There are 2 protein chains.
Amino acid sequence: MMSQVLSEQALGVRAFAALLRAHASSTRRLNAQLSADHGLTISDYEVLLRLSRAPERRMRRVDLAEEVLLTASGITRLLDGLERSGLVDRGSCDGDRRVVYAVLTEAGRDKLRTASATHLVQVDELFSERLDEEELERVAELLGKLGDGDGADTACAPDD
Amino acid sequence: MMSQVLSEQALGVRAFAALLRAHASSTRRLNAQLSADHGLTISDYEVLLRLSRAPERRMRRVDLAEEVLLTASGITRLLDGLERSGLVDRGSCDGDRRVVYAVLTEAGRDKLRTASATHLVQVDELFSERLDEEELERVAELLGKLGDGDGADTACAPDD
DNA sequence: TCGCTACTATTGACTACGCAAGCAACTATA
DNA sequence: TATAGTTGCTTGCGTAGTCAATAGTAGCGA
């Protein structure tokens, strides 16, 4: 009776295994490239990117955390690093003194621009190497359904 | 001219972003469940699983590392934990004294069996909740192409 | 047999997170 | 206003994983 259940489960379980492998393999490669070329992790990049498209290039830390799927403490530490590198600044919020904005600096914008130039090419190389256009579209769509609830905009290039 | 390049890249880049979100969201949830219910991480589970299906329920550490996409040192530390918990044992290899087998113990088999009972259900719940059968098959296939080269057998249930 | 290179495994130092706990500031309720 | 509950952020501590360096073993060619 267990094996009955198991065979029904095989599909989801197989999909998960494939997800684990695809993620490990692609992030290892892209993270290595991004950090060698620019000293950034993928999460760093994602944060800079979100900030660059936010109004006034700033966001509350909670919101940022939610968008890049980190916890509150994760975002604090990540931003510590970006602040030390001068890519992000802190800004206070009139009207609610609990919140501390993360604000993209000029240096941060520059960094994002130069990092994008190589990173986006590398991402696309990796994926186009293995899937054709139709497949890429489909996999993005299906993975979107597996993401956390609100399928936020997931485009990955800075606006300008 | 940059924007030209960017629009061509959008597909792979979007797929990658979706992969990151889908992975973070599903592993966080499943890891939490697996560790709450059984004190195992997903990697622990994967290792126990591979061992359970290997001849004589044992594998060289290098091979294990490659299968679960960890580095050599990563496997050493992971196995340290499983050894401390008595789920895995060390075995030496006549003929090549460099290699140390990781051997699944009886306790390890039991653990894997009981963990599977809940874990597989949870994995499947998560995925079936969001994708139908045809979609699951398709996403597993596409993700398979993104995995590291040799698309090893990725089934996720113990044999017995 | 001696060295040379390749491979397996481990260790130390480090990073990137997560969780739980805590503080400070806001909101609501009375 | 007091009091209670909630939210935003930070901090201490623990864990999982990486990389670089090391040691032991294997196997080869001179």
Side-chain angles (χ1 to χ4, degrees), chain A residues 20-21 23-36 39-47 58-85 88-103 148, chain B residues 20-21 23-36 39-48 58-85 88-103:
Chain A
L20 288 181
R21 295 187 66 83
H23 175 266
S25 136
S26 54
T27 56
R28 265 241 267 289
R29 172 160 156 187
L30 293 171
N31 231 330
Q33 291 175 328
L34 194 50
S35 112
L40 295 176
T41 66
I42 290 180
S43 292
D44 290 336
Y45 181 88
E46 292 279 317
V47 162
R58 67 181 193 181
M59 291 179 71
R60 301 191 316 162
R61 293 155 117 79
V62 217
D63 300 334
L64 208 37
E66 191 178 356
E67 287 217 358
V68 299
L69 291 186
L70 288 183
T71 57
S73 60
I75 262 295
T76 292
R77 298 186 209 284
L78 191 157
L79 288 174
D80 282 351
L82 295 181
E83 282 163 20
R84 268 196 302 278
S85 317
V88 165
D89 225 350
R90 322 185 119 236
S92 58
C93 168
D94 320 341
D96 190 339
R97 277 176 310 181
R98 287 171 305 179
V99 343
V100 183
Y101 285 115
V103 190
D148 229 11
Chain B
L20 288 181
R21 295 185 68 83
H23 174 266
S25 137
S26 53
T27 55
R28 266 240 269 286
R29 171 159 157 187
L30 293 171
N31 229 331
Q33 291 175 328
L34 195 49
S35 111
L40 296 176
T41 66
I42 290 179
S43 293
D44 291 336
Y45 181 88
E46 291 280 317
V47 162
L48 294 180
R58 64 180 196 182
M59 291 179 71
R60 301 190 317 160
R61 291 155 121 74
V62 217
D63 300 334
L64 208 37
E66 191 178 358
E67 288 215 0
V68 299
L69 291 186
L70 288 185
T71 57
S73 57
I75 265 296
T76 292
R77 296 188 207 285
L78 190 156
L79 288 175
D80 283 349
L82 295 180
E83 284 162 20
R84 267 196 303 276
S85 316
V88 166
D89 225 351
R90 324 185 118 237
S92 59
C93 166
D94 320 341
D96 190 338
R97 278 177 308 184
R98 289 171 303 179
V99 343
V100 183
Y101 284 114
V103 191

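Quick caveat, the model's predicted, so the values are computed rather than measured. Below, chains carry the letters A, B, ... as their sequence lines are ordered, and counting in each starts from 1.
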What's the closest nucleotide to the [X] side chain, out of [options]?
{"X": "A/Thr41", "options": "C/dA16, C/dG18, C/dT11", "result": "C/dA16"}
{"X": "A/Arg97", "options": "C/dT11, C/dC17, C/dA25", "result": "C/dA25"}
{"X": "A/Arg60", "options": "D/dC19, D/dG8, C/dT11", "result": "D/dG8"}
{"X": "A/Thr76", "options": "C/dT8, D/dC9, C/dG18", "result": "D/dC9"}
{"X": "B/Val62", "options": "D/dC19, D/dC13, C/dA9", "result": "C/dA9"}

Using the closest heavy atom to pick a nucleotide of DNA chain D for each, name whichever of A/Ala32 or B/Gly95 lands nearer the 5' end.
A/Ala32
Toward the 5' end of DNA chain C, by each residue's nearest nucleotide, A/Ala72 or B/Tyr101
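Upstream on the strand: B/Tyr101.
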To the nearest Å, how far apart are [X] [atom1] and [N] [atom2]?
{"X": "A/Leu69", "N": "C/dA16", "atom1": "CG", "atom2": "C1'", "answer": "15 Å"}
{"X": "B/His23", "N": "D/dA16", "atom1": "NE2", "atom2": "C1'", "answer": "13 Å"}
{"X": "B/Arg98", "N": "C/dT5", "atom1": "CZ", "atom2": "P", "answer": "17 Å"}
{"X": "B/Arg90", "N": "C/dT10", "atom1": "CZ", "atom2": "C1'", "answer": "9 Å"}
{"X": "B/Leu40", "N": "D/dT15", "atom1": "CG", "atom2": "P", "answer": "15 Å"}
{"X": "A/Asp96", "N": "C/dA25", "atom1": "CG", "atom2": "P", "answer": "10 Å"}
{"X": "B/Leu70", "N": "C/dT8", "atom1": "CG", "atom2": "P", "answer": "16 Å"}
{"X": "B/Glu66", "N": "C/dC7", "atom1": "CD", "atom2": "P", "answer": "13 Å"}

Quick check: any donor-acceptor pair below 3.5 Å linking the side-chain of [X] to the base of [N]?
{"X": "A/Arg77", "N": "C/dG18", "result": "yes"}
{"X": "A/Arg61", "N": "D/dC9", "result": "no"}
{"X": "B/Ser73", "N": "D/dC19", "result": "yes"}

Using a heavy-atom cut-off of 4.0 Å across all strands, would you classify A/Gly74 as base, sugar-phosphate, or nothing?
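Since only primed, P, OP1 and OP2 atoms lie under 4.0 Å of A/Gly74, the category is sugar-phosphate.
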Counting any heavy atom closer than 4.0 Å, what does A/Ile75 reach on the DNA or RNA strands: base, sugar-phosphate only, or nothing?
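No contact.
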Using a 4.5 Å cut-off on heavy atoms from C-beta on, say whether the side chain of [Y] contacts that of [X].
{"X": "B/Arg60", "Y": "B/Arg98", "answer": "no"}
{"X": "A/Thr41", "Y": "A/Asn31", "answer": "yes"}
{"X": "A/Leu20", "Y": "B/Glu46", "answer": "yes"}
{"X": "A/Asp44", "Y": "A/Val47", "answer": "no"}

Intermediate values then yes/no, side-chain contact (heavy atoms from CB on, under 4.5 Å), B/Val68 and B/Ile75
CA-CA 9 Å; B/Val68 299; B/Ile75 265 296; 4.2 Å; yes
